[in-house]
Amino acid sequence: MDGNASNDESCNIDWDTDDEREIGNFPPSSSSSFSVPNGDVNAGSGEGCSSAGSAKFRLIYDMKFPEELVLKAIEQSGETEDFESILETVLVLQALENSPEPQKNVPSDQCSSAYDDGFLDDLSDSDSWCESSIADATNAESAEDQRVLALTNMEYSVEEALIAIDRCGPGASVAELTDFITAAQMAKADDVFYKELPDESKKKRKLYELEVLKKKKRERGAYVAAEDNETIRLPIPMVGFGLPTAEGSTVIHRNLPEAAIGPPYFYYENVALAPKGVWDTISRFLYDVQPEFVDSKHICAAARKRGYVHNLPIDKRFMLVPLPPRTIHDALPMTKRWWPSWDTRTKLNCLQTCIGSARLTDRIRKALENYEDDPPKNVQKYVIDQCKKWNFVWVGRNKVAPLECDEVEMLLGFPKNHTRGGGISRTDRYKSLGNSFQVDTVAYHLSVLRDLFPGGINLLSLFSGIGGAEVALHRLGIRLKNVVSVEISEVNRNIVRSWWEQTNQKGTLIHIADVQKLNADRLEQYMASFGGFDLIVGGSPCNNLAGSNRHHRDGLEGEHSSLFYDYFRILDLVKCMMNRR
DNA sequence: CTCAGAATGAGTGTAGCG
DNA sequence: CGCTACACTCATTCTGAG
């Protein structure tokens with residue numbers, strides 16, 4: 001076994017160009033965000049040819065706006081008889097009526113406080129956002145319009161309605177939306193802490209809502225001022241803040257922003273190749289910490305380009321032992337015998353949630369059987385392209401095959417049969433594994449916790465999946481005292497529960513299915529019972545960020561990926577509660 | 001109903017080249 | 001620098017068999 005990767009291009013990392021790199025913080029970026037011109041506040045196509053009279057009727061009787069408001073709006077709308085325009089005016093008037101005092105159901109630290117603490121001074125177009133957000137509501141497609149209106153008629157604010165639609169997805173019913181809003185309100189009402197928080201936290205919260213509104217604006221094709229002068233770039237090679245090598249590790253320093261420093265430690269993960277601006281947003285929310293982008297191909301035999309935002313120390317990291325196999329041949333020795341010389345892969349591509357079909361491998365076999373020797377270049381190219389696309393490996397003469405489940409488990413650093421049994425289907429195993437951490441990579445980052453917490457840690461694990469973080473910590477020899485794990489999928493919870501029992505964990509495992517249910521009350525309970533969380537890990541859903549998604553690559557505001565904001569919500573809550581102790 | 005197979009590109013970043 | 005070609009991507013939806 002010639003374990004040395006003879007022609008492994010990716011290992012030629014230039015480690016000694018500079019022994020010491022300084023990683024600066026982000027420049028404050030809020031000043032460049034929000035310039036929304038006033039010109040684009042038109043009421044869509046305005047295809048409705050209703051007269052002002054019927055508009056008045058609908059607005060008063062159908063939508064239950066006060067008559068005097070509607071009359072005033074019609075008066076102000078002047079020449080237009082467009083229903084949409086009048087509706088827009090009504091909404092603006094209504095918002096103006098409400099604006100001097102905090103809107104109903106909205107805690108005082110929401111909209112108005114931003115003005116008090118001078119946050120909006122940072123914005124280039126400070127006085128237009130509120131107005132444009134209202135205009136946004138009327139720019140919406142009619143279905144969304146109706147729901148916004150329904151909600152505003154139920155005395156929710158336009159902002160709340162918009163955020164709810166954003167978060168619950170375009171298909172959400174009014175009932176679902178009201179559920180979301182009331183849940184959010186309860187969470188906010190619980191947050192008595194926020195009232196006595198430093199300005200920084202209020203700003204963050206405001207920023208959260210502004211971000212949603214801004215995204216909305218952008219989705220509708222509205223012009224948003226160029227902010228690409230400081231977008232986050234991916235490093236080449238993608239080795240994060242440094243990886244261990246035979247030559248030794250580079251010494252790197254970084255200065256965390258003040259607001260980012262723990263407790264608790266946090267660790268957030270998602271796909272590196274997300275749509276433009278996503279990582280800027282994530283980083284801004286997570287206390288302006290610069291993401292660490294790592295491709296796991298530098299650590300194991302499969303590529304996995306991921307970004308990690310965390311406030312962990314980055315010196316004195318160490319790798320899990322035994323070290324993972326670093327080439328396909330080391331990981332899957334039996335493939336070596338059949339591997340043709342013209343397939344020069346040494347690393348697999350990203351392990352995803354779907355595998356190639358039997359029919360495709362059969363087509364490849366048939367294409368190759370026509371030749372005694374090496375096939376012609378064009379056939380080679382076809383085969384290689386398919387192999388790279390589906391991560392096929394060679395299991396016989398002219399025979400390629402997708403990876404088996406247990407092989408994926410091994411490549412990702414999980415114990416064998418981790419996802420096996422318990423009624424899980426093969427398809428679901430691939431899906432759960434494809435959505436998981438690469439354990440060795442994550443463990444390398446988390447390794448610094450071993451010396452910091454010799455007695456073990458209390459872990460809050462959001463979007464746990466099949467427990468990549470738990471497995472990583474366990475393999476590092478970090479005792480898990482109390483683990484609160486949030487995971488929507490029942491099969492995944494079963495997998496973690498089963499692993500927990502098999503590894504004879506002495507700590508306590510608490511499972512929660514719905515991240516929305518994890519509010520300040522419950523957090524307070526947990527923290528009172530075992531005294532705070534040491535680490536908050538989470539890889540929020542990537543569905544709407546991942547390049548493989550042809551249908552709904554909607555960015556951070558997508559149906560699933562917007563759960564990132566719950567990660568932030570919970571992290572920020574815990575952070576505030578910890579600081580009060 | 002579950003399960004597996006098959007069809008379904010766009011967005012993003014990089015390398016190469018004149 | 002601008003252009004082009006190329007490589008890669010934690011997926012969703014539909015269909016059909018059992």
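Being a predicted model, the structure only gives us computed values, none of them experimental. Within every chain, numbering begins at 1; the chains are lettered A, B, ... in the order of the sequence lines, protein sequences first and strands thereafter.
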Just list the side-chain donor-acceptor pairs under 3.5 Å for residues 353-361 of chain A, sequence neighbours left out, or say none.
from	atom 1	to	atom 2	distance (Å)
A:Ser357	OG	A:Leu360	N	3.3
A:Thr361	OG1	A:Ala358	O	2.7

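Of all nucleotides in DNA chain B, those with any atom nearer than 4.0 Å to a heavy atom of chain A start and finish, going 5' to 3', at B:dC3 to B:dT14.
The separation between A:Lys305 atom NZ and C:dC10 atom P is 8 Å, rounded to whole Å. In this structure, CG of A:Asp295 is placed 13 Å from C1' of C:dA7, rounded to the nearest angstrom. Here C:dC8 presents its C1' atom at 13 Å from CH2 of A:Trp390, a figure rounded to the nearest Å.
With ring centers used as reference points, A:Phe414 lies 6.0 Å or more from A:Trp499. You'll find the ring centres of A:Tyr267 and A:Tyr308 inside the 6.0 Å limit. For A:Phe564 and A:Tyr268, the distance between ring centers is under 6.0 angstrom. The distance between the ring centers of A:His310 and A:Tyr265 does not fall below 6.0 angstrom.
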Pick out the pairs of N or O atoms, protein on one side and nucleotides 12-18 of chain C on the other, that lie under 3.5 Å.
from	atom 1	to	atom 2	distance (Å)
C:dT12	OP1	A:Asn543	ND2	2.9
C:dT12	O2	A:His551	NE2	3.1

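Between A:Asp385 and the choices A:Lys388, A:Lys389, A:Lys381, the salt bridge (charged side-chain N to carboxylate O under 4.0 Å, His left out) rule is met once, by A:Lys381.
Using a 4.0 Å heavy-atom distance criterion, A:Arg306 is classed as a base contact.
If you take atom C1' in C:dC6 and the same atom in B:dG9, they sit 15 Å apart, rounded to whole Å.
Within the 4.0 Å cut-off from OP1 or OP2 of C:dT9, not a single side-chain nitrogen or oxygen of A:Ser548 is found. Taking 4.0 angstrom as the limit, A:Gln352 places a side-chain polar atom (N or O) nearer than this to OP1 or OP2 of C:dA11. Contact check, A:Arg304 against C:dC10: no side-chain N or O comes under 4.0 Å of OP1 or OP2. Note on A:Asn349: a side-chain N or O is less than 4.0 Å away from OP1 or OP2 of C:dT9.
Not counting sequence neighbours, A:Trp338 has no partner by the ring pair (Phe, Tyr, Trp, His ring centres under 6.0 Å) test.
Counted by atom type alone, A:Arg569 and A:Tyr565 present zero donor-acceptor pairs between their side chains at under 3.5 Å.
Secondary structure note: stems in DNA chain B built from 3 or more consecutive Watson-Crick or G-U wobble pairs under 3.5 Å occupy B:1-8 with C:11-18, B:10-18 with C:1-9.
Remark: A:Lys347 NZ to A:His298 NE2 distance equals 8.5 Å, nearest 0.5 Å. Note that the OG atom of A:Ser447 and the CG atom of A:Leu473 stand 10.0 Å from one another [nearest 0.5 Å].
Pairs passing the side chain to side chain donor-acceptor pair (under 3.5 Å) check and including a residue from residues 431-442 of chain A, sequence neighbours excluded, read A:Ser296-A:Thr441, A:Ser432-A:Asn492, A:Gln438-A:Asp440, A:Gln438-A:Thr441.
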